[in-house]
Amino acid sequence: MTTTNTNASKWLGAEMRYDSGVYNKHQVVMVRGQGATVWDEQGRAYIDCVAGYGVANIGHSHPDVVKAIQEQAARLIVMPQTLPNDKRAEFLTELVGVLPQGLDRVFLCNSGTEAMEAAKKFAITATGRQRFVSMRRGFSGRSLGALAFTWEPKYREPFGEAVDNKNVDFVTYGNIEELRAAITDQTAAVILEPVQGEGGVRPASPEFIQAARELTREKGALLILDEIQTGFCRTGKMFASEHFGVVPDGMTLAKAMAGGMPIGAFAMTQEVADRMPSGGHGTTFGGNPLAMAAGVAAIRAMKNEGMAEQAREKGAYFMEKLRAINSPKIREVRGMGLMIGVELKEKSAPYISALEHEESVLTLAATPLVVRFLPPVTISREQIDQVVAAFERVLNSVNPREGRAAELAAREDKQTE
Ligand SMILES: *Cc1c(COP(=O)(O)O)cnc(C)c1O
């Protein structure tokens, strides 16, 4: 199976041949992961600052999650939510135990976009209203319902009027006056990410989140925080909203919640849950015992291993080292915990590509100018040092106006989550 020419890989050939074509695939085949390291089919090791787009927070193949999946797979894999299940009960108890007080009703599903769909439906039934306020540069997922909240026009425009965002008003993230003007007595909910991920790694100011809480309360609208990327220790707390002292009416969750298994959830207050008619929403795979077992193990590992604190300390260390890089190409280093973005004065794609090919470090874009780092919280300080040194080398060596770098910059547009 080991080949000297990656392009000759039968795996890559089959994937390029049969996949739908919506992804801008890297020319590499990944086969294994452990902690913050992943390996390709030729045995080359990479430091993974993509972590499945911020999924592998507790590290790839955490041993407790592996064991929980193995045991549960041998016992019971599927059981619909009309039939109660021991692992589901255990997971819900574990999840509600770490959620902010007041959020103690949970709709279980399988992805972030499904969590947003649930949030939308529950917000409509809870308020009897259908208008929403979302954020410029916000990202909420790719289903037609969630897409209506997603700012980036290139994600929405190919689908025309099928994306129903006549009922969505976009406001500038951080602008309290615009937010105040947009929330009316027709607003069902304000949707916002405590730190915008896809939109360039932009932490909200505490004043903005607090104003969103007060303004929604005044107008009888819900505040729904999208913690799909920021949740589960990524920002240095279990949930980013804890940094702001704000408890929303609903929170969307997914990515890191089950240590790598597909999962999603909409957590809400009793009042929000109460208004949804019985049978008003549902999903076949939501709350399946296998994802539940992985989720129990993942949340326990986050608590037992102090993952939030690790993210806080390592994030501060990582950002301090990034800020010490002396390069005229850097405009700003920003982030929260281990959700870090470096905004360049030019397109980030050639640097992301050089990091992968020349330095064996995986990173991702967040808007065309930002290099985003979302490493597992288990990343070591030595690995952080290696990543920063590698980044400094590529900043010094890559000339984005030349050859391969220019070509990559030209096709960077498809690089998204
Ligand atoms: C990833 C993400 C989503 C969509 O989640 P999927 O699981 O990809 O559907 C929604 N909102 C935010 C903030 C995200 O980061």
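In each ligand, atom 1 is the first atom listed, and ligand 1 is the first ligand listed. None of the values given here were measured: they were computed from a predicted structure. Reckoned from all heavy atoms, side chains included, excluding hydrogens, waters and symmetry mates.
Looking at Gly141 next to ligand 1, no N or O pair under 3.5 Å apart turns up. Here's the thing with Phe139: one of its N/O atoms is less than 3.5 angstrom from an N/O atom of ligand 1.
Aromatic pair Tyr173/Phe208: centroids less than 6.0 angstrom apart. Aromatic rings from Phe239 and Phe232 are positioned such that their centres are separated by under 6.0 Å. The ring of Phe373 has its center closer than 6.0 angstrom to the ring center of Phe391.
Residue contact check for ligand 1: Tyr53 places no non-hydrogen atom closer than 4.0 Å to it. Contact between Glu193 and ligand 1 is present, with at least one heavy atom of the residue lying under 4.0 Å from the ligand. Residue Glu227 places no heavy atom under 4.0 Å from ligand 1. Distances from ligand 1 to the non-hydrogen atoms of Ser140 include at least one value under 4.0 Å.
Remark: the Glu114 side chain and the His281 side chain contain no N/O donor-acceptor pair separated by less than 3.5 Å.
Atoms of ligand 1 lying under 4.0 Å from at least one heavy atom of Lys255, given by number and element, are 1 (C), 2 (C), 3 (C), 14 (C), 15 (O). Every atom of ligand 1 with a heavy atom of Asp226 under 4.0 Å away is listed here by number and element: 10 (C), 11 (N), 12 (C), 13 (C). Those atoms of ligand 1 with a heavy atom of Thr113 less than 4.0 angstrom away are 4 (C), 5 (O), 6 (P), 9 (O).
Between Phe266 and Phe122, the two ring planes are tilted [angle within 30° to 60°].
The backbone N or O of Gly197 sits less than 3.5 Å from a side-chain atom of Glu193, completing a donor-acceptor pair.
With sequence neighbours excluded, no residue satisfies side-chain hydrogen bond (donor to acceptor under 3.5 Å, both in side chains) with Gln186.
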